[in-house]
Undergrad: 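Handing you a structure now.
Everything numeric here is computed off the predicted structure, so don't read it as measured data. A, B, ... follow the sequence lines: proteins, then strands. Residue 1 opens every chain.
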Amino acid sequence: MIEIILNGKRITIDKEMNVKEVIKELEYTQEGFALALNGTFVAIATYETTMIHDNDSIEILAPVQGG
Amino acid sequence: MTKHMDTNSNSWEIGGKTLHSRLLIGSALYPSPANMEDAIKTSGSQIVTVALRRQSAGDKAGGDFWNIIKSLGIEILPNTAGCHSAKEAITTAQMAREVFGTNWIKLEVIGDQYNLQPDPFETVKASEVLIKEGFEVFPYTTDDLVVAKRLADVGCKIIMPWGSMIGSGKGLMNPDNLLAIRKQFPELKLIVDAGIGKPSHATQAMELGYDGVLLNSAIALAHDPVKMADAFRVAVEAGRLGYEAGTMQQREFASPSTPTIGTPFWHQFKD
């Protein structure tokens, strides 16, 4: 088990895995979001080659109203 | 026969797009999504601002909102609202580009949480990086001429000075400062962003020669947002027409508009 921070909340996942696997593990089934790892943008094209490690921080953002 | 000017024929260019409306509108704070949609349509605006926020697994609200916005068929201007550093803003812009499929970014880097005043240093730093990465940056800034100069120096083609504090509705605090920026940078696209509270504020900004105005609260928080959207549509057009027509020179003294020759009951010599 490893601990990660998802959108500011600490959670645990089974093991170190890549971003694509994490998204599936966390049950993000909807489309239209973007992800940042430790404050750095991760493009969809690199989800499978980007690994998530213990204590990593993930932000998952989606469209909302804005001014 | 009276000839009416067709204001819709007055197109302009910004960020590589040719548009007719000079009103940029926000998508937040409306009483309902349906009201937002009606107000945006009524405003005639062709640019709408949107944002990114944290999403929980299974939450489809963001998708629903995005579908409404997409159905409008107008240009999307994502913002970096809530960012307090160049690094946060750059990451948010990169995420927005992927989600919204546009290289346009309304760059907001806040320097003070109380009045939401932009941080000029971080804004310039982020602008430089984002322009190198191919973004069309719409930087939200103050009405400080030197900051505008720095933004232009790093390659900004568009600058968006505030009228006054975000959401304050106070109008143009320093029209002289805004005019100084306009005169200094005739080649840049200038948009007054933030602080506009009523249609006359928008007209005033346009009369200064600004290329457009960006607002949200003034429409969304009106008692009737749809009617207010229509009011702003007309106000922006009126201001632009007034600017193009050229306003008269102010005078220090009164000057009658009715001819004085032939004034009745006037005698050259007193009895």
Undergrad: Report, by ascending residue number, the residues of residues 75-102 of chain B in heavy-atom contact with chain A at a distance under 4.5 Å; give 'none' if the set is empty.
TA: B:N79, B:K87, B:T91, B:Q94, B:M95, B:E98, B:V99, B:F100
Undergrad: Heavy-atom pairs under 4.5 Å with chain A are the metric here; pick the option from B:G63, B:A28, B:G26 that has the most.
TA: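 If we count pairs closer than 4.5 Å to chain A, B:A28 comes out on top.
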Undergrad: Working note: B:W104 + B:F135, criterion ring-ring contact (aromatic ring centres under 6.0 Å, His included); need CA distance, chi angles, decisive distance, verdict.
TA: CA-CA 6 Å; B:W104 286 12; B:F135 282 89; over 10 Å; no
Undergrad: Given the options B:V48, B:L24, B:D59, B:I25, which has more heavy-atom pairs under 4.5 Å with chain A than any of the others?
TA: B:D59
Undergrad: Between B:I159 and B:A148, what is the shortest heavy-atom contact and its length?
TA: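 The answer is CD1-O, 3.3 Å.
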Undergrad: What part of A:T29 gets closer than 4.5 Å to chain B, counting heavy atoms only: side chain, backbone, both or neither?
TA: side chain
Undergrad: Flag the pair B:K41 and B:D38 as a salt bridge only when some basic side-chain nitrogen lies within less than 4.0 angstrom of an acidic carboxylate oxygen.
TA: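 No, this pair does not count.
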Undergrad: If you count heavy-atom pairs under 4.5 Å between each of A:I44, A:I23, A:I60, A:V64 and chain B, which one has the most?
TA: A:V64
Undergrad: Taking all atoms of both residues into account, what is the closest heavy-atom pair of B:A220 and B:P31, and its distance?
TA: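 Closest approach of B:A220 to B:P31, heavy atoms only: O-CD, 4.0 Å.
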Undergrad: With a 4.5 angstrom heavy-atom cut-off, which part of A:L35 approaches chain B: side chain, backbone, both or neither?
TA: backbone
Undergrad: Can you check whether A:V42 reaches A:T40 side chain to side chain, under 4.5 Å on heavy atoms?
TA: no
Undergrad: Please determine, by modelled atom types, if B:R53 and A:N7 share a side-chain donor-acceptor pair under 3.5 angstrom.
TA: no
Undergrad: Calculate, to the nearest 0.5 Å, the distance between atoms CG and CE belonging to B:D211 and B:M206 respectively.
TA: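 B:D211 atom CG to B:M206 atom CE measures 7.0 Å (nearest 0.5 Å).
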Undergrad: Of all heavy-atom pairs between B:H201 and B:K170, which one has the smallest distance, and what is that distance?
TA: CE1-C, 3.9 Å
